[in-house]
Amino acid sequence: MHRAIRAAAAAAWRALSSARASPSPPRAPGWGASRWLCSGREALSYDVVIVGAGPAGLAAAIRLKQLCRAADADLSVCVLEKGSEVGAHVLSGNVFEPRALDELIPKWRQEDAPIRVSVSSDKFWLLTKNQAWTLPSPFDNKGNYVISLSQLVRWLATKAEELGVEVYPGFAASEILYDENQIVTGVATNDVGIAKDGTKSETFQPGVELRGIYLENAGRMTLLAEGCRGSLSEKIIRNHKLRERGQGQHQTYALGIKEVWEIEEGKHERGSVIHTVGWPLDMKTYGGSFIYHLDDRQLAIGLVVALNYQNPFLSPYDEFQKFKQHPAVRKLLEGGTAIQYGARTLNEGGFQSIPYPVFPGGVIIGCSAGFLNVPKIKGTHTAMKSGMLAAEATFKTLIEGSSMELYWENLKRSWIWEELHKARNYRPAFEYGFVPGMALSALERYIFKGKSPYTLKHGKPDHEATDAANLHTPIQYPKPDGQITFDVPTSLYRSNTNHEHDQPSHLRLRDPTVPERINLPVYAGPESRYCPARVYEYVSDEKGDPKLHINAQNCLHCKACDIKDPKQNIEWTVPEGGGGPGYTVM
């Protein structure tokens with residue numbers, strides 16, 4: 001099904017671009033997209049190519065077009081999105097801080113934005129196995145809203161298109177394009193219709209190259225807004241040593257697992273926000289949960305687990321199911337219905353892990369760079385603001401002959417930088433354990449108020465934090481009851497996840513011997529547990545020996561495997577465009 005949709009979309013795109021194409025690439029902005037053949041693939045040229053239709057990418061596109069209107073200029077802007085539709089791959093809590101949106105679209109409240117549920121109460125619980133102790137809330141959510149981020153980005157996409165931005169869902173950017181001087185010139189989408197054995201099927205369609213228009217003294221502009229652990233962004237960061245040129249420390253991550261429920265009317269408190277720490281996680285594992293009451297009896301509930309956890313037997317998915325059995329949580333869910341499930345990694349490195357975001361030919365924005373504010377548990381507003389700052393620098397570069405270095409300079413002068421600098425010590429404080437982390441966090445918030453004279457460092461990278469299995473005891477998780485807790489296949493069904501089955505696996509092993517040679521004997525096969533979709537499982541071959549089997553069609557695109565694999569042996573790459581989850585209310 002996805003392959004047919006992808007082929008039809010590709011044909012429509014080609015027809016559209018053919019209708020307005022010029023015979024050769026344009027050499028000045030404002031001509032719209034042009035089309036030609038390059039290396040056997042069709043090529044389209046835009047002034048600005050944006051990869052990712054999330055909050056950062058769409059905010060950048062909107063801001064660019066706003067600047068064009070104000071200056072009576074014309075820049076062609078294209079946004080690529082690998083999901084089958086905008087929002088299909090977007091998952092977040094989400095208590096939304098409207099600061100960036102207020103700047104981008106000041107009258108959004110009069111434009112039917114899907115932002116309607118203001119925070120009505122804000123509670124913070126410390127959980128033990130059977131008790132929920134109320135603590136002073138460290139959050140300030142006055143003026144914020146409980147939203148579905150997948151719905152918000154769909155609305156942002158309509159606003160971008162109204163301004164003339166071309167948004168193309170269902171096209172996965174799989175390759176970075178360079179010129180002879182190793183300057184990024186754009187991206188290419190992957191081929192569609194390649195069978196598992198590598199042969200071309202009858203539905204084969206070659207990928208398309210999307211190149212920024214070359215401008216003398218300005219170059220080409222590609223904005224990478226792929227979200228957390230973006231595959232192209234990570235290559236750029238690594239190849240150009242951007243982490244070392246920025247704040248210098250490695251990125252740290254967490255895995256967020258979420259369900260949306262419809263609960264009984266008498267239990268629903270519109271706008272209620274609850275965060276928890278403690279049980280079911282152990283005292284060495286950083287994380288917490290959220291319970292947000294939306295509109296129409298809907299409840300968003302989730303667990304976030306830092307991926308620097310030590311115990312290889314820990315399963316974030318099963319910890320989440322266990323969390324829902326807490327008496328204070330279960331009573332909310334009883335009599336309700338789970339309607340959607342999903343998972344996604346998030347950046348937790350904060351200020352210390354910000355890379356230098358400028359590379360020859362473009363910039364990195366949003367969660368691809370990592371602007372999440374950990375103590376606030378918010379990153380949408382900072383992602384959007386980074387996209388707006390990048391758009392302003394791009395406009396000045398293309399129209400006024402400035403430099404993209406302006407993005408970095410303005411970023412450091414912005415409220416993003418100020419906010420993340422104040423929040424810089426909260427996450428690394430928990431390297432010392434739960435109790436010291438809570439104490440240091442209280443010190444940061446109530447005594448130093450973000451102005452402490454020191455900056456804590458992160459511990460080991462997440463993949464190095466995993467202990468050998470012989471140092472831990474296997475965790476026995478309770479079986480799901482089918483009412484409050486569920487097995488993985490049931491949850492996957494609710495995620496609307498689907499991939500074309502007959503395609504090469506997008507989950508690649510750099511060394512195919514590592515799972516059986518190292519991961520299984522040393523770490524007890526942790527990939528079978530850290531993945532929230534059971535993509536990885538060990539099965540016996542004809543000789544009875546365990547072999548790793550990859551169920552790539554189950555993949556939620558959360559990127560946990562790319563981060564947590566102890567030997568960094570798993571490489572996450574994009575599958576055919578349109579594949580993956582199909583979130584609607586996440």
Measure the shortest side-chain to side-chain distance between [X] and [Y] over non-hydrogen atoms and say whether it is less than 4.5 angstrom.
X: Leu75; Y: Ile399; answer: yes
X: Asn425; Y: Thr455; answer: yes
X: Trp155; Y: Leu58; answer: no
X: Pro575; Y: Cys555; answer: no
X: Leu509; Y: Ile570; answer: yes
X: Leu281; Y: Tyr309; answer: no
X: Ser76; Y: Asp47; answer: yes
X: Glu226; Y: Lys82; answer: no

Using modelled atom types only, decide if a donor and an acceptor are shared between the side chain of [X] and the backbone of [Y] within a distance under 3.5 Å.
X: Ser231; Y: Thr573; answer: no
X: Ser150; Y: Leu91; answer: no
X: Lys396; Y: Ser402; answer: no
X: Asp562; Y: Trp572; answer: yes
X: Lys258; Y: Ser92; answer: yes
X: Asn347; Y: Tyr253; answer: no
X: Arg99; Y: Lys385; answer: no
X: Asn181; Y: Ile183; answer: no
X: Lys559; Y: Leu346; answer: no

Inset, instruction - Name all residues meeting the ring pair (Phe, Tyr, Trp, His ring centres under 6.0 Å) criterion together with Phe139; count only those two or more places apart in sequence or in a different chain, and write none if there are none. - result: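 Phe139 satisfies ring pair (Phe, Tyr, Trp, His ring centres under 6.0 Å) with Phe124, His275 once adjacent residues are dropped.
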Classify the side-chain pair [X]/[Y] by whether it contains a donor and acceptor separated by less than 3.5 Å.
X: Ser452; Y: Glu444; value: yes
X: Asn410; Y: Glu392; value: no
X: Glu348; Y: Tyr286; value: no
X: Arg63; Y: Gln66; value: yes

When the side chains of residues 241-249 are checked against the rest of the protein, which donor-acceptor pairs come out under 3.5 Å, sequence neighbours left out?
unit_1: Arg243; atom_1: NH1; unit_2: Ser353; atom_2: O; d: 2.7
unit_1: Gln249; atom_1: OE1; unit_2: His458; atom_2: N; d: 2.9

Inset, instruction - Apply the test side chain to side chain contact (heavy atoms under 4.5 Å, CB included) to residues Arg344 and Met586: give CA-CA distance (whole Å), side-chain angles for both, the deciding distance (0.1 Å), then the verdict. - result: CA-CA 11 Å; Arg344 187 68 169 94; Met586 301 299 266; over 6 Å; no
With a 4.0 Å cut-off on N to O distance, would you call [X] and [Y] a salt bridge?
X: Arg238; Y: Glu234; result: no
X: Arg41; Y: Glu175; result: yes
X: Glu97; Y: Lys378; result: no

Inset, instruction - Applying side chain to side chain donor-acceptor pair (under 3.5 Å) between Thr466 and each of Lys564, Lys460, Gln310, Lys567, report the one that passes. - result: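 So the option named by the test is Lys564.
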Inset, instruction - Check whether the ring centres of His463 and His250 lie less than 6.0 Å apart, and answer yes or no. - result: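 That pair fails the under 6.0 Å test.
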Inset, instruction - Would you confirm whether the ring centroid of Trp108 sits within less than 6.0 angstrom of the ring centroid of Phe96? - result: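 Here the rings of Trp108 and Phe96 have centres that are no less than 6.0 Å from each other.
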Inset, instruction - Evaluate side chain to side chain contact (heavy atoms under 4.5 Å, CB included) for Phe430 paired with Ser441, printing each intermediate quantity in order. - result: CA-CA 9 Å; Phe430 285 85; Ser441 295; 3.3 Å; yes
Legend entry - For Asn94, the option from Ile147, Leu152, Asn144 that meets side-chain contact (heavy atoms from CB on, under 4.5 Å):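 Testing each of Ile147, Leu152, Asn144 against Asn94, the sole residue satisfying side-chain contact (heavy atoms from CB on, under 4.5 Å) is Ile147.
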Legend entry - Within residues 360-395 or reaching into it, pairs that qualify as ring pair (Phe, Tyr, Trp, His ring centres under 6.0 Å) - sequence neighbours excluded: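 Residue pairs passing ring pair (Phe, Tyr, Trp, His ring centres under 6.0 Å), neighbours aside: His381-Trp415.
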Inset, instruction - Specify whether Phe171 and Tyr168 have parallel, tilted or perpendicular ring planes, treating 30° as the upper limit for parallel and 60° as the lower limit for perpendicular. - result: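 Ring orientation of Phe171 relative to Tyr168: perpendicular.
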Inset, instruction - Would you please classify the geometry between the Phe448 ring and the Tyr454 ring as parallel, tilted or perpendicular, with 30° and 60° separating the classes? - result: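 Ring orientation, 0 to 90° scale: perpendicular.
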Legend entry - Spacing of OG1 belonging to Thr394 relative to CD1 belonging to Ile50, to within rounding of 0.5 Å: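 Between Thr394 OG1 and Ile50 CD1, I get 8.0 Å after rounding to 0.5 Å.
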